[in-house]
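Quick notes on the structure that follows.
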Amino acid sequence: MRCDLSYRPITLGALLGLIALGCISSSIALGGSWGTVIDIATALKGVPCSTQALDTINQWEPGTKTWNAAPLMGDPGTNGYRTPTTQLGVWLEVWTDEPHHSLKALRVTPNSTVRVIWSGDSCSADQSLITRAVDQKVVDAGVSDTYLASEVGSGAPGILYVWSPGMPHSVRALPELKTIAKEMNLKFIPILDASSDLTASKRAIEKLGLDDSFLRKNQSIELIYRGLTNHYPSMLIFNHGKFTSPVFPGYKKPSIVRNFIKRHLQ
Amino acid sequence: MKILGLISASAAVALGTFVSLNSTGAEKPSHSCVKRSPASVPGCVLVEPEPEQVTYLPDAPNFFFKPSNDGSWLFYITERNNLISADGKKSIIVPGPYDGNVSEDSWIAAVPDGGLQIYSFQDMIKTTKPSPNPSPKPGVEYLVYDEKPLLDDQNDHGVYESIGILDERSTQNSRVYRIITEDTGDGSDADSDTADQNWSKLWIREVRVTRDPKGKLTAKEVGPKLSGQDRAKVICADKHLTLPMLSKIGKELAAFDVDTQSTKIFKLTSDGKCTEALDLHQGVGKVDFNRDSSQITFHTTTFQAESGGWFSGIGDDEAKNIELLSLKWDKKGKAVIESRHVLTAYTQPASGGYYPHFAAKTGEILYFRQQRVDEVYNSYSIVRVNPQDDPIASETWLNSQVPQGSCLPDSRTASSFALATIWKEVCDKSVRPEDAIHFSARLSPNDCKVLVDREWKHLRNTENFIRDYKDSGLWSSLKKKPTDAVLATLSKTVASQISEDDLLAACPKYSGAVPVITKSFGTMTRAEVSPQAVLHGCFECHHAGGKASSYPFPRDSSELDIATATAMKAAIEAGTMPKDSKLPADQKTAAINFLADLITEKSPGPSAAPAQAAAPAQSASKTRAPGSTKNPSSGN
């Protein structure tokens, strides 16, 4: 079966069609499961300048396979794909842009984004380096990609759990998760919604008798890209130096949480 | 029109638009926002339609809220369930700890509290019983509703409930409601043979509510007809779903599929199974349906990868914005996306739009808005917008600008091009012409007039205002893209024919508008530039796999030797590095000063081997984009 996309907007409907054609494999469980996986070469087939883009992303991250559809945010007529890399906190994005007949690739890291835009008949490239001026003290005080790389990279099993004082179910589960982690001898890394009100957050943990370690805000690109911050609460399991579960959003009773953790520690 | 700038509590109150503010109820100045719009540039203020209504909440709320069908009442949660009138004048404490919900017809309210309780919503909002502990908030009447529920189902089938009305089994005075909840686990489940016993389950139950001639309601659990069961029923048992939201008509649901890590829309079949209608291919916030399920709305979370950051935390570059999708359903129960509309443009630190809901009766959308006041305090409000008031954010608007079958755009389209060119030339030359169309279409009416009056007479002689768009998709309907010569001629022709009146007629017209806050252009205020961040950018480029990788660059600046640091400093000063991007002046100065200090620190004397330094600088200047077929700056 031919998977010819030619150069037209890849709508979500078309993505469904691609799945039907076998161009996209669905429901593949990965180490650090990351949803529906897209063959990026197939997705970009027929798109002008795709050869250059594929060459670049292959140089950036050789053999990266776990591409997925990026969130819809963006100009109308654009279609985006993104993938984690072997390095925690480093992600790649590719955006097709039919209205402007251009193709864009991004290599996103905590400190900067490298952007290449190919356009025109000759696929001339325009490369930019966008530095991120961050307050390192703020980043270091939170749960950063560097911190996560260290914790996850240690090889020990653990739970990442994002919460927000604005979501009562996420607050309700904090002591439950702490207890489960202790019972199962797991690292427990609570992560506070980066945009949360500090006063409300402090009030919430004080009521539960928890300490300030629960107030470390999310400063990780990896977690934002993985969708952990889409809904509070959400959890993610890690073991053997990598993420071993899909993102699991919503409040669940302890028995379900225990089963989910056991299932994904293996 | 109200131009509010970065909306501060005091300004909002001064304008008399809002009720009350921020997490503690205390008014806080917005002095510490580090991101600013370019509103200070005369003629460059971009706006979006003013919300129909903004209700500032008196307490630090939770993000859950639920509007009544006309948006006049809002459930929200603090340490308990609350109901507030949209004008902010009445605040009612209602039963339950969380997730108060109201049916689309505003007959019933449902509250999960160790089971599910159904109340008369009309009785709730008519309560006159004063709250025993009213907050001293002037102008707000604090009440309490503590009557017994119409129905108290003690079977605990979890939380995250939503309500649909089964029209085919309902009459004017008798309604059947379908209610979905997510069992958070541990529930005994005799009716879920196919369900994964280690997984939370989605339950539905159905309740008939009858209204007598005096308006009094009675409720009775009737059980889902899906399976012949007379009690609650597990649905979608073969799937691993969470965070369900039932459509207003009870026939569809949205949920996050943990296996595919994406939010999906399902059709609920008569046997309790869920057939997939649409995969959004991404995880989004909780979805809400409009009255006939032809539209859905939700929030998405994105990282502002191209923003360049601000002097803040990484977490502050997370943006939550509201999307509206129009769906087209086929007879087989599959849906496709017809159009997409991004309703908000929140990119300020710690600000965003969350958890949108339809006011089903009016088609308006209400969403939860958070705005940072300072490092500690946030301002919380519920905003009501009418998507129909914002034509420019929709794909249909953009499509309407495409010339159909003719090289010569009509005067309205040509005027749009001209406005975009003016805006780009005056406000931000770095913006691509195509993007300038987006931006100029958000010009405030007053600023648009300022620009036209002040600039058109100078700019109308430019040949660029159509030619600049030669590579855009605006000519995609033509068999052959116009040549430069044709476009230049067109520019002249159209420029000579467009009058100031034409341009003024093309200016956006809003009955009310507030500034768009965007990072894509304009000035920004940095508290400080981190030289390490700038140098780290050098590292990223030199380790990005392209030709720059041939010239190793240490991650830690302490590992920089004198020769390399000197070469870098010279290249940055000369503007030859970075090769393919231009450092902003403040970053350039910071990097140069940092390197100078480093060289001084490491150097035994003033001479720093310039001969050795020249090589890497020269080499670095040859850097070009990996995979490119043409060096963009070489002119080849």
Given a strict heavy-atom distance threshold of 4.5 Å, which part of [X] is in contact with chain B: side chain, backbone, both, or neither?
| X | result |
| --- | --- |
| A/Asn58 | neither |
| A/Lys262 | neither |
| A/Ser164 | side chain |

- For B/Asp99, is it the side chain, the backbone, both, or neither that has a heavy atom closer than 4.5 Å to a heavy atom of chain A?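 Contact with chain A involves the side chain of B/Asp99 alone.
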- Task: Check whether the side chains of A/Lys217 and A/Ser201 place a donor and an acceptor atom closer than 3.5 Å, and report yes or no.
- Result: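 No, because no side-chain N or O of A/Lys217 sits under 3.5 Å from a partner of the opposite role on A/Ser201.
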- Query: Just by distance, with hydrogens left out, do A/Asp193 and A/Ser195 show a side-chain donor and acceptor under 3.5 Å apart?
  - Reply: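 There is such a pair between these side chains.
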- Task: Measure centre to centre between the rings of A/Phe248 and A/His264, then say whether the value is under 6.0 Å.
- Result: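 No.
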- Message: Quick check on the interface: out of A/Ala105, A/Pro249, A/Ala204, A/Ser144, who has the most heavy-atom pairs with chain B under 4.5 Å?
- Response: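 Of the options given, most contacts go to A/Pro249.
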- Message: Looking only at heavy atoms and a cut-off of under 4.5 Å, which of A/Gly250, A/Ala141, A/Pro62 has the most pairs with chain B?
- Response: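 Most pairs with chain B among the choices: A/Gly250.
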- Cationic tip of A/Arg172 above B/Tyr98 ring, under 6.0 Å, 45° of axis: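 Checked: cation-pi criterion not met.
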- Item | Interatomic spacing from NE2 in B/His240 to NZ in B/Lys201 - rounded to 0.5 Å |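 Here the interatomic distance stands at 10.0 Å.
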